[in-house]
Number of protein chains: 2
Amino acid sequence: MPEIVDPNGFLPRYYQLANILRERITRGELAAHQPIPSERQLETIYSVSRTTIRQAIDLLVRQGFLYREHGRGTFVSPQKLQKGIWELTSFTEDMRRRSITPGQKILEIGEVKPPPEVRSHLELPADCERVLCVERLRLGDGVPMGLQTSYYLLPEGQTITREELEATGSIYILLQEKFHLIPTEADETLEVCLATPREANLLQIKAGSPLLLSERTTYSQARRVMEFVKILYRGDRYRYSAKLTR
Amino acid sequence: MPEIVDPNGFLPRYYQLANILRERITRGELAAHQPIPSERQLETIYSVSRTTIRQAIDLLVRQGFLYREHGRGTFVSPQKLQKGIWELTSFTEDMRRRSITPGQKILEIGEVKPPPEVRSHLELPADCERVLCVERLRLGDGVPMGLQTSYYLLPEGQTITREELEATGSIYILLQEKFHLIPTEADETLEVCLATPREANLLQIKAGSPLLLSERTTYSQARRVMEFVKILYRGDRYRYSAKLTR
DNA sequence: CAGTGGTCTAGACCACCGG
DNA sequence: CGGTGGTCTAGACCACTGT
């Protein structure tokens, strides 16, 4: 007795179907390397066309939950491949996925004159003199994990206050509620660097300890730059993971 | 006078079409943020159905060459987004993309008893006592970039010799030609570490310098593990980049 | 409003895998 | 051989964008 894909639902059918299947996988109802029903079977089970079935499966394959073998079938990926999927996440979501309790301490929040590096990443016009800068210490299970500095170009006369950020805890929620900005895509680079005395002090490590530096430019719906973020992660407490395809 | 999508071609039509469009973009024929023809126009231009057009565009969007805006059109991504795309590549390909001439020095090649870490990543049976281990110094424009150690489980009695590897330069080519193993997917983790005296000596840096450690498990067509690789990159010469989506 | 991309259908043929 | 996924068609309607 399968769940039903609602043709009048808010979400597209392929998306509903992907959610149903993902749910069954994460609940362990479908075990690793076990085949799911064939596309023609799913057609009759859920009363949607094969194209829609394939769209749902495509999504789950990209998300790492399923893999296909031509001529054999579609199978459930082993559990470990379902973690560390390469998706755009906030620090908070990232920590929650790792089963770590996220926290933060706001160090600075206010308007600043953008340094050239920020000006370039945010694609600022030459006459733009003020951007919002937020510097936060990011905590995992109460211990410093990283030092985050982010920059935003907000509509004229608008801003975000420390009180608002403390109340919601998430800048993404504020950006969505106040300015309808939703992150959809980002470019990220990762490199290694060494902690300056100030950074070391904030992160509670020794000066000169190795850090992982992430720089990210985030784009909103209409592909406008909405954010430039630098995060210095403690090298001893952070590891990146990703799934690569060909 | 567009190129023609050959229905009898070796490659599927959506793939041929994607290649044609990608070519036009990288040649600069279509500039950044400029719209490409609409899907209905492309239908008549290339005489393929809209589904096939969309499949080609989907591919280029995932590869970072195009972006869509609902109700407006499909546009060419700015150049910087076309680099550092998150794909499974060999060290050699990776370097070539960065316009760096790759090189290598084979330090060790031979059968070893697998350490527990390798045993786990390669999913080796308990009675497996020998795997192929290859240690290479990887060069970029002649200068040490990284130290790579890779492990392979080969068919009984088969192996790869130093001479073969020196002749082709690429272990992936050998694995394909000798054993029909083609990499299709991988899981990768990145973290920071410090160079041991031996590593520092090989990489021509000071002991204790920061390194970027990449660990990768690579899967072949039938989703069998085919390789486990560790690469220690010089922190001062290497940077990772990726495109994230939601 | 017309034009765009987003979703969906019902069918077809091909290439690959296993018994 | 039958069953699987891979590709492809010709159409349809919806949701969104601009003017």
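So that the names make sense, note that chain A is the first sequence line, chain B the second, and so on, each numbered from 1. As the structure is a prediction and not an experimental result, all values here were calculated from the model.
dC8(C) atom P lies 10 Å from atom CG of L11(A), rounded to whole Å. Between the CD1 atom of I57(A) and the C1' atom of dC8(C) there is a distance of 16 Å, rounded to whole Å. I53(B) places its CD1 atom 12 Å from the C1' atom of dT9(D), with the value rounded to the nearest Å. One can place CZ of F10(A) at 15 Å from C1' of dC14(D), the figure rounded to the nearest angstrom. Note: CZ (R13(A)) to P (dT7(C)) measures 12 Å, nearest angstrom. Going from atom CG of L42(A) over to atom P of dT4(D) covers 10 Å, rounded to whole Å. Rounded to whole Å, atom C1' of dC8(D) lies 13 Å from atom CD of Q16(B). Taking atom CZ of residue R54(A) and atom P of nucleotide dC8(D), one finds them 11 Å apart after rounding to whole Å.
Applying the salt bridge (charged side-chain N to carboxylate O under 4.0 Å, His left out) test to residues at least two apart or on different chains, the pairs with a partner in residues 35-50 of chain B are E39(B)-R50(B), E39(B)-R54(B), E39(B)-R68(B).
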Nucleotide by nucleotide, nucleotides 11-19 of chain C touches protein heavy atoms under 4.0 Å in the pattern (B base, S sugar-phosphate only, - none) -BB-BBSS-
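Remark: S220(A) engages no residue in a side chain to side chain donor-acceptor pair (under 3.5 Å) (not counting sequence neighbours). Take F228(A) and apply the ring-ring contact (aromatic ring centres under 6.0 Å, His included) test, not counting sequence neighbours, and it matches H121(A). Evaluation of the salt bridge (charged side-chain N to carboxylate O under 4.0 Å, His left out) rule for K178(A) yields E164(A) as partners, not counting sequence neighbours. With sequence neighbours excluded, the residues forming a ring-ring contact (aromatic ring centres under 6.0 Å, His included) with H33(A) are Y67(A), listed by chain and number.
Dashed line: the shortest gap from a side-chain N or O of Q41(B) to OP1 or OP2 of dT4(C) is under 4.0 Å. The phosphate of dT9(D) has OP1 or OP2 within less than 4.0 Å of a side-chain N or O from T52(B). OP1 or OP2 of dC8(D) has not a single side-chain nitrogen or oxygen of Y14(B) nearer than 4.0 Å. The side chain of S38(A) contributes no N or O atom lying less than 4.0 Å from OP1 or OP2 of dG3(D).
Side-chain contact annotation: T217(A) with E227(A), donor-acceptor N/O pair under 3.5 Å absent.
Remark: the backbone N or O of C128(A) is paired with a side-chain donor or acceptor of R119(A) at under 3.5 angstrom.
For T74(A) and S47(B), each mapped to the nucleotide of DNA chain D holding its nearest heavy atom, the one lying further toward the 5' end belongs to T74(A).
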